[in-house]
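FYI, side chains are in, hydrogens and waters are out, and symmetry mates aren't considered; it's all heavy atoms of this structure.
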Amino acid sequence: MSKDRLPFARPDIDEATIARVADVLRSGWLASGPMVKEFEKGLSTYLGGAAVRALTSATEGLEIALLAAGIGPGDEVITPAMSFCATANVILRVGARPVFVDVDLDTRNILLDAVAAAITPRTRAILPVHFSGLPLDLESLYRLAAHHDLRVIEDAAHAIGSRWHGQPVGSIGDLVCFSFHPNKNLTTGEGGAIVARNPHDVEYIERARFHGIQRGAGGELDVLFAGTKANMSDIAASIGIGQLSRLDEFNARRRQLAHRYFELWSRDCPLRLPARGDDGHSWHMFAPLLPLHDDTRLSRADFIRGMDELGISVGVHYPAIHTLTAYRKLGWKAGMFPNAERIGRETVTLPLFPAMRDSDVDRVVSAVNHVLGVIA
Ligand SMILES: *Cc1c(COP(=O)(O)O)cnc(C)c1O
């Protein structure tokens with residue numbers, strides 16, 4: 001067994017990208033400039049021509065998207081109990097109330113029947129997640145939203161390059177937010193983007209990401225509202241340009257690696273594997289559930305330690321959001337969303353990134369079988 005440490009995620013930055021970043025550093029222009037324009041144009045082309053604005057993070061993107069949709073105090077936004085905390089934090093940050101609903105145990109995606117049941121007269125928007133890059137049923141989602149006159153803000157942080165019925169996530173929809181954090185399928189170091197279709201939203205996002213500033217014909221400055229500061233730098237965008245040119249290649253490799261996990265665990269699998277999806281799945285993460293529920297001898301911490309001793313890093317994505325202190329303070333309680341809570345207790349994220357070799361997958365599978373066999 002190789003002694004190299006195997007992380008659960010690792011960005012793949014090629015020499016051409018490093019050279020492009022160096023050119024930007026030498027150019028004297030590091031803030032938003034020609035690289036951001038080029039990256040946005042590339043993303044827009046990839047997404048079938050939609051308007052794209054590059055930002056410093058998806059968290060900023062989600063918050064700006066909520067504001068663009070006019071969400072604020074007194075409004076309810078329906079969102080999954082299983083996601084990264086940012087998905088719900090942004091709802092609190094704009095003064096609205098997150099209304100959690102449960103997710104499917106295997107796809108980890110929001111249950112649309114539960115969304116429909118959670119709609120009240122105060123509901124203004126749905127904020128779902130394409131969990132681990134497995135696209136939601138967009139047709140059912142948008143039919144439900146249209147029926148109740150709700151806005152949709154898609155948290156597509158995991159889903160750059162994912163396809164639903166052949167169409168890239170972000171190429172259709174209302175407001176769609178991507179993350180380019182280093183662990184995501186495309187990185188700019190840190191970064192994000194919003195895709196918008198309504199021209200008023202695009203205009204709002206353009207202003208909101210840079211102080212609410214509007215420039216007159218002669219360059220004179222006016223401020224239309226108190227915007228934030230979330231424009232992407234040319235340094236970040238120059239990384240993104242190189243990443244975007246390889247995105248489909250990266251995601252194809254992720255799919256191969258995920259398929260290898262399924263193949264090696266097609267028999268005698270000690271885990272509950274995630275839903276397989278189809279070729280539109282971009283496999284941001286490979287996160288099975290540990291067999292903890294009926295076995296008190298094995299803890300997740302034991303499992304993670306056992307894997308670590310074999311040189312393999314394992315992540316946890318994520319605790320159920322409603323069980324976190326900030327949300328318990330608002331009255332949410334353990335027991336309300338059994339699938340999200342079970343995922344939160346049992347999930348582990350195994351290594352999956354484009355530069356992994358097939359033999360690395362074999363090594364992870366052997367290690368998991370060994371650790372579970374030894375401790376269980
Ligand atoms: C990473 C992530 C975010 C936040 O993205 P940043 O670019 O780090 O702000 C939001 N939602 C989900 C589901 C994520 O995984």
Does the pair Leu6 and Arg363 meet the rule for a side-chain contact (heavy atoms from CB on, under 4.5 Å), with working shown? CA-CA 10 Å; Leu6 194 58; Arg363 180 182 160 198; 4.1 Å; yes
Can you confirm whether [X] sits close enough to [Y] that some side-chain heavy atom of one is under 4.5 Å from a side-chain heavy atom of the other?
X	Y	value
Val77	Val90	no
Ser32	Phe210	no
Lys229	His211	yes
Glu190	His181	yes
Leu138	Leu141	yes
Arg260	Asp362	yes
Asp14	Thr17	yes
Arg209	Glu60	no

For side-chain contact (heavy atoms from CB on, under 4.5 Å), just list the numbers for Thr323 and Phe337, CA-CA rounded to whole Å, side-chain angles, deciding distance to a tenth of an Å, and then say yes or no. CA-CA 10 Å; Thr323 64; Phe337 307 109; over 6 Å; no
What heavy-atom pair brings [X] and [Y] nearest, and what distance separates the two atoms?
X	Y	value
Asp234	Val36	OD1-N, 3.0 Å
Pro168	Leu47	CB-CD2, 4.0 Å
Ala118	Thr123	O-OG1, 4.0 Å
Ile13	Ile239	CD1-CG2, 3.9 Å
Ala65	Ile194	N-CD1, 4.0 Å

Not counting sequence neighbours, which residues clear ring pair (Phe, Tyr, Trp, His ring centres under 6.0 Å) with [X]? List them please.
X	answer
His281	Trp283
Phe84	Tyr318
Phe100	Tyr327, Trp332

In this structure, are over 12 heavy atoms from other groups packed under 6.0 Å from [X] atom [atom1]?
X	atom1	result
Arg122	CZ	no
Arg10	CZ	no
Arg197	CZ	yes
Asn198	CG	yes

Sidechain N-carboxylate O distance under 4.0 Å for [X], [Y]:
X	Y	result
Asp201	Arg151	yes
Arg305	Glu309	no
Glu203	Arg207	yes

Verify, without hydrogens or angle tests, whether Arg163 (side chain) and Asp279 (backbone) share a donor-acceptor contact under 3.5 angstrom.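 Looks like no, no N/O pair under 3.5 Å.
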So does Asn109 get a backbone contact from the side chain of Thr107, meaning a donor-acceptor N/O pair under 3.5 Å?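 Looks like yes, one N/O pair under 3.5 Å.
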Run the side chain to side chain donor-acceptor pair (under 3.5 Å) test on Thr349 and His317 for me, step by step, so that the C-alpha distance in whole Å, both residues' side-chain angles and the decisive distance to 0.1 Å come before the verdict. CA-CA 7 Å; Thr349 303; His317 303 93; 2.7 Å; yes
According to the interplanar angle, ranging from 0 to 90°, do the rings of Phe178 and Phe180 count as parallel (below 30°), tilted (30 to 60°) or perpendicular (above 60°)?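 Plane angle under 30°, so parallel.
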